[in-house]
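For reference, the structure is listed below as structure tokens.
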Number of protein chains: 2
Amino acid sequence: MAIESKPEAVILTEIMLTVFRVNGRLLEKGDELVEPLNLTSARWQVLGAVALAGNPLSAPQIAEAMGITRQGAQKQINKLKEDGFFEQSPNTRHQRSPLYALTELGNRTFAKVMYLEAAWANGLVASLPLQDLKKTLKTLNAVYERLDSPVPKKGARS
Amino acid sequence: MAIESKPEAVILTEIMLTVFRVNGRLLEKGDELVEPLNLTSARWQVLGAVALAGNPLSAPQIAEAMGITRQGAQKQINKLKEDGFFEQSPNTRHQRSPLYALTELGNRTFAKVMYLEAAWANGLVASLPLQDLKKTLKTLNAVYERLDSPVPKKGARS
DNA sequence: CCATTATTGGAAACTGGTTGTCAATATTTA
DNA sequence: TAAATATTGACAACCAGTTTCCAATAATGG
């Protein structure tokens with residue numbers, strides 16, 4: 001027996017499918033964008049987490065900032081260190097858990113990435129009204145918040 | 001030297017980050033939703049591709065419909081067949097490339113999934129205005145289309 | 001009709017993430 | 001202070017996707 005679907009739910013389902021498609025495309029294009037800099041979307045994100053923090057971070061802190069697991073972050077960190085984007089310094093607070101900071105190369109590269117990203121985004125928004133973009137961001141964030149909590153009961157306030 | 005960022009580009013960048021987060025959450029919640037049915041988000045999607053087609057499909061056709069590679073689709077197909085959701089029939093048009101259709105179990109399961117998804121989406125849209133959802137879908141689709149083409153030149157028509 | 005080219009499934013290696021285990025180090029608490 | 005607990009890095013196995021290579025089968029065209 002089919003359930004009674006609200007028209008809102010139908011649109012939301014379409015939004016979900018579009019989010020999947022956009023997500024895939026963004027990773028693809030992001031990889032292309034930073035490929036000349038010897039980066040990938042994943043490593044760009046890790047680089048950004050440390051760059052935006054402004055101070056050296058440990059692996060668990062980077063994972064926390066990115067919303068991924070400690071081990072997942074560690075994999076990218078190790079590669080970034082290997083390729084000279086990160087340098088390691090001792091952590092006075094935890095002997096086994098070093099801190100990571102951007103090297104000169106890391107900083108130079110991240111600056112280039114920011115430049116490329118800005119140029120890309122500027123080209124992408126051509127003829128998209130600012131109001132539409134703002135409303136979209138607001139709605140997506142609302143959906144995201146609802147995805148946090150379990151199925152809300154009918155009539156539950158807030 | 002920092003680039004001149006349009007305010008639209010700034011919002012678009014935030015939308016991108018939100019899309020990443022929403023995408024992750026959707027997969028997570030989707031996995032939870034269909035876990036009792038011995039499915040995952042990935043296998044649900046393959047099941048859906050064949051169910052919605054209405055007729056048996058070959059592996060390359062399923063991949064095409066899903067926008068993933070032939071080999072990626074094949075992995076899920078093999079598991080779905082193994083678990084009794086798909087049955088294989090000979091393809092008169094290509095001896096080495098069988099067609100896949102839903103078994104009785106496959107159909108029953110997909111019906112349950114649709115029910116669960118509808119209930120979930122209905123609960124999720126509480127207090128989200130239909131107009132906002134429609135505008136969001138439209139804007140996301142516009143972004144998606146722009147992601148297709150390379151950097152559009154200023155003044156390019158259509 | 002035969003030779004070239006395209007499609008297909010299988011297997012393996014890779015990316016980027018997950019979970020789980022282990023031993024070492026920190027931290028908390030009794 | 002000593003014991004229990006939590007955090008951490010290394011490692012391995014797994015999921016979901018990718019690319020690459022192979023051999024078999026279709027399809028095309030000379």
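In what follows, chains carry the letters A, B, and so on, assigned in the order in which the sequence lines appear, proteins first and then strands, with residues in each chain numbered from 1. All heavy atoms count here, side chains included; hydrogens, waters and symmetry mates do not. Computed from a prediction, not measured in an experiment: that's the story for all the values here.
- To the nearest angstrom, C1' of dA24(D) lies 15 Å from CG of N91(B).
- Q76(B) has a side-chain polar atom (N or O) that falls below the 4.0 Å cut-off from OP1 or OP2 of dG17(D).
- Clustering ILVMFWY residues whenever any of their side-chain heavy atoms sit less than 4.5 angstrom apart, transitively, puts L80(A) in the very cluster that holds L33(A).
- Distance F20(B) CZ to dG16(C) P: 13 Å, rounded to the nearest Å.
- As a whole-Å value, the separation of Q74(A) CD from dG9(D) P is 5 Å.
- In this structure, of dA26(D), dG9(C), dT18(D), it is dG9(C) that holds the atom nearest to the side chain of S97(B).
- The nearest whole Å value for the distance from the CG atom in L57(A) to the P atom in dT8(D) is 12 Å.
- In this model, no donor atom of one side chain and acceptor atom of the other lie less than 3.5 Å apart for T40(A) and D31(A).
- Nearest to the side chain of H94(B), among dG17(D), dT7(C), dG16(C), sits dT7(C).
- OP1 or OP2 of dA16(D) sits under 4.0 Å from a side-chain N or O of K79(B).
- Along DNA chain C, the nucleotide closest to R96(A) and the one closest to A73(A) are compared, and the more 5′ of them pairs with A73(A).
- Protein atom CG of L80(B) is 13 Å distant from nucleotide atom P of dC15(D), rounded to whole Å.
- Listed pair T40(A) / dT15(C) fails the phosphate criterion, with no side-chain N or O lying under 4.0 Å from OP1 or OP2.
- Crowding of Q71(A) atom CD: a count of heavy atoms from other residues, nucleotides or ligands under 6.0 Å exceeding 12.
- Checked against dG9(D), dT8(D), dT19(C), the side chain of R70(A) finds its nearest nucleotide in dG9(D).
- The CD atom of E35(B) sits 14 Å away from the P atom of dT19(C) (whole-angstrom rounding).
- You'll find that the side chain of R93(A) is closest to dT27(C), out of dT18(C), dT8(D), dT27(C).
- Atom CG in N23(A) sits about 12 Å away from atom C1' in dG17(D), given to the nearest Å.
- Here dA26(D) is the nucleotide among dA24(D), dA13(C), dA26(D) with the atom lying nearest to any side-chain atom of Q95(B).
- A residue-by-residue look at Y100(B) and D31(A) shows that Y100(B) has its nearest nucleotide of DNA chain C further toward the 5' end.
- Side-chain N/O atoms of T69(A) include none lying less than 4.0 angstrom from OP1 or OP2 on dG17(C).
- In the set dC11(D), dG17(D), dT8(D), the nucleotide with an atom closest to the side chain of Q71(A) is dC11(D).
- Side-chain atoms of N78(A) and F86(A), non-hydrogen and from C-beta on, never get closer than 4.5 Å to each other.
- Going from atom CH2 of W44(A) over to atom C1' of dG16(C) covers 16 Å, rounded to whole Å.
- Residues N91(A) and H94(A) have side chains in contact (heavy-atom distance under 4.5 Å, counting atoms from C-beta outward).
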